[in-house]
Amino acid sequence: MFACFGDRIDGVCTKTDSVDTAQMLIDAGAATKAPYFHKSWVLVSFDAGEDELRHRIQTSYDIIFKNLAKKAQAEICAA
């Protein structure tokens, strides 16, 4: 899982590369703490610009993908 949203939150929860990055985004007002997730996840509001949402989702995907086993990566790329 690299992103999560639902009917009880107003945004998308995405993974960051570290707790420090997540805290920086929260401190800058670009995100808030993602409820129920590890501290390296943030909640990006749907009100954020399309480019910001796209960037956060893509970054989250890249982080999760690079930590998958090579076989799983190959299977995803083949699909």
> Between Ala31 and Val44, which heavy-atom pair has the shortest distance, and what is it?
Replying inline: CB-CG2, 4.3 Å
> Can you list the residues that meet the side chain to side chain contact (heavy atoms under 4.5 Å, CB included) rule with Ile26, with sequence neighbours excluded?
Replying inline: Gln23, Lys33, Val42
> Are any side-chain N or O atoms of Thr16 and backbone N or O atoms of Ser40, one a donor and one an acceptor, separated by less than 3.5 Å?
Replying inline: yes
> Who are the side chain to side chain contact (heavy atoms under 4.5 Å, CB included) partners of Asp20, not counting sequence neighbours?
Replying inline: Ser18
> Which residue pairs pass the ring-ring contact (aromatic ring centres under 6.0 Å, His included) test with at least one member in residues 54-79, sequence neighbours excluded?
Replying inline: Phe2-Tyr61, Tyr61-Phe65
>> Please list all pairs meeting ring-ring contact (aromatic ring centres under 6.0 Å, His included) that have one or both residues in residues 5-27, counting only residues at least two apart or in different chains.
In response: none
>> Which residues pass the side chain to side chain contact (heavy atoms under 4.5 Å, CB included) test with Ile63, not counting sequence neighbours?
In response: Lys15, Asp17, Thr59, Asn67
>> Testing the basics here: between Leu53 and Ser45, what is the closest heavy-atom pair and its distance to 0.1 Å?
In response: CD2-O, 3.6 Å
> Linking I/L/V/M/F/W/Y whenever any side-chain heavy atoms sit under 4.5 Å apart, do Ile57 and Ile64 land together?
Replying inline: yes
> Which residues pass the salt bridge (charged side-chain N to carboxylate O under 4.0 Å, His left out) test with Glu75, sequence neighbours left out?
Replying inline: none
> Measuring from Arg8:CZ to Tyr36:OH, what's the distance to the nearest 0.5 Å?
Replying inline: 8.5 Å
>> Pair Val12, Leu43 - check side chain to side chain contact (heavy atoms under 4.5 Å, CB included), show working.
In response: CA-CA 5 Å; Val12 180; Leu43 173 61; 5.7 Å; no
>> For a quick test of reading the model, state the closest non-hydrogen atom pair linking Cys13 to Trp41 and the distance between them.
In response: O-CZ3, 3.6 Å
